[in-house]
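Here's the structure we're looking at; comments come further down.
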Amino acid sequence: MLDGKNEHRVAVTARRFYPVLLTTLVFAMSGCTTVGLGQTALSEGRYAEAASNFEAALEEHPDRTDALIGLGIARYQQTSYDDAVAHLSQAVSRNPKRADAQLYLGLSYLQRGDEGSAAEHLRAFRDLTRSARVAEQVDDALRLMRTEHSLPRESRHFIAVSLESAMKSEQALQDARWGYAPGPSYDYYDPYAWGWRW
């Protein structure tokens with residue numbers, strides 16, 4: 001128990017360090033908050049707002065790979081495939097084990113018509129995913145892409161939408177499993193391997 005004298009000392013010490021602690025917390029969370037706003041906007045389909053938040057986060061913290069990936073995905077959704085490739089390539093060079101970066105980089109190349117680069121990154125994504133169903137769908141897409149002639153734009157778009165949809169469905173299934181689990185689960189789940197949550 002604290003007596004009156006010690007209680008006063010604790011209060012004075014807390015008041016002295018409170019501004020320092022608050023400043024440190026605000027500084028540390030500023031990038032996280034901006035990235036979080038970007039992720040929320042991205043998941044709700046507000047791609048311009050998401051891109052703006054990710055750009056702001058990168059201005060404050062240029063080393064944020066998650067913001068770089070978010071910006072790449074937002075640009076992909078805005079059909080700015082060249083920008084998406086630029087941002088996602090940088091993210092993959094920083095962390096080649098980010099499944100979301102590999103997927104959207106592959107999809108961006110596919111939408112641009114660069115099927116060779118798309119296949120390279122889709123294979124990398126397949127090797128990172130833990131879902132047999134998604135891996136099988138990637139293999140099917142890769143077989144479709146191995147034709148003598150370049151795929152028409154509509155076919156490339158169909159493959160990209162199908163792969164993105166399969167990944168989002170798998171993520172929703174994983175989220176539901178974790179949300180409704182009755183107790184501790186020892187199944188493997190790594191949100192960094194999936195990379196995004198929507």
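Throughout, residue positions are numbered sequentially from 1 according to the sequence presented. Quick caveat: nothing in here was measured; it's all calculated off a predicted structure.
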* Asked: Distance from Asp127 atom CG to Leu122 atom CG, nearest 0.5 Å?
  -> 11.0 Å
* To do: Taking the side chain as every heavy atom from C-beta outward, state whether Glu164 and Gln77 have any atom pair closer than 4.5 Å.
  => yes
* Search all heavy atoms of Arg156 against all heavy atoms of Gly113 and return the closest pair with its distance. => NE-CA, 3.5 Å
* To do: To the nearest 0.5 Å, tell me how far Glu60 CD sits from Thr34 OG1.
  => 4.5 Å
* **Pairs meeting criterion salt bridge (Lys or Arg N to Asp or Glu O under 4.0 Å) with involvement of residues 111-123, two or more places apart** => Asp82-Arg112
* **Contact summary for Gln78 and Ala51, nearest pair of heavy atoms** => OE1-CB, 4.2 Å
* Measuring from Asp139:CG to Leu144:CG, what's the distance to the nearest 0.5 Å? -> 11.5 Å
* To do: Report the distance from atom CG of Leu107 to atom CD of Gln102, rounding to the nearest 0.5 Å.
  => 11.0 Å
* Asked: Taking it one step at a time, do Gln174 and Ser131 satisfy side chain to side chain contact (heavy atoms under 4.5 Å, CB included)?
  -> CA-CA 10 Å; Gln174 291 297 326; Ser131 167; over 6 Å; no
* For Tyr109, what residues pass the ring pair (Phe, Tyr, Trp, His ring centres under 6.0 Å) criterion, not counting sequence neighbours? -> His121
* To do: Spell out, as yes or no, whether a donor-acceptor pair under 3.5 Å connects the side chain of Asn95 to the backbone of Ala91.
  => no
* To do: Locate the shortest heavy-atom distance separating Ala141 from Ile159; write the atom from each residue and the value.
  => CB-CG2, 3.6 Å
* To do: Flag the pair Ile69 / Val92 as yes when at least one side-chain heavy-atom distance between them is below 4.5 Å, and no otherwise.
  => no
* Asked: What closest approach, in Å, do Ala57 and Val35 show between heavy atoms, and which atom pair accounts for it?
  -> CB-CG2, 3.6 Å
* Asked: Checking Ser162 side chain against Phe158 main chain: does a donor-acceptor pair fall under 3.5 Å?
  -> yes
* To do: Measure from the side-chain N and O atoms of Thr129 to the backbone N and O of Phe125, and report whether any donor-acceptor pair falls under 3.5 Å.
  => no
* To do: Any chance you could measure Arg98, atom CZ, to Leu88, atom CG, to the nearest 0.5 Å?
  => 10.5 Å
* Backbone N/O of Asp83 and side chain of Ser80: donor-acceptor pair under 3.5 Å -> no
* What closest approach, in Å, do Leu42 and Phe54 show between heavy atoms, and which atom pair accounts for it? -> CD2-CE1, 4.3 Å
* Atom CZ of Arg64 and atom CZ of Arg94: how far apart are they, to the nearest 0.5 Å? -> 11.0 Å
* Measure across Ala84 and Arg75 and return the closest heavy-atom pair with its distance rounded to 0.1 Å. => N-CB, 3.9 Å
* To do: Determine whether Arg126 and Leu142 make a side-chain contact, defined as any pair of heavy atoms from C-beta on separated by less than 4.5 Å.
  => yes
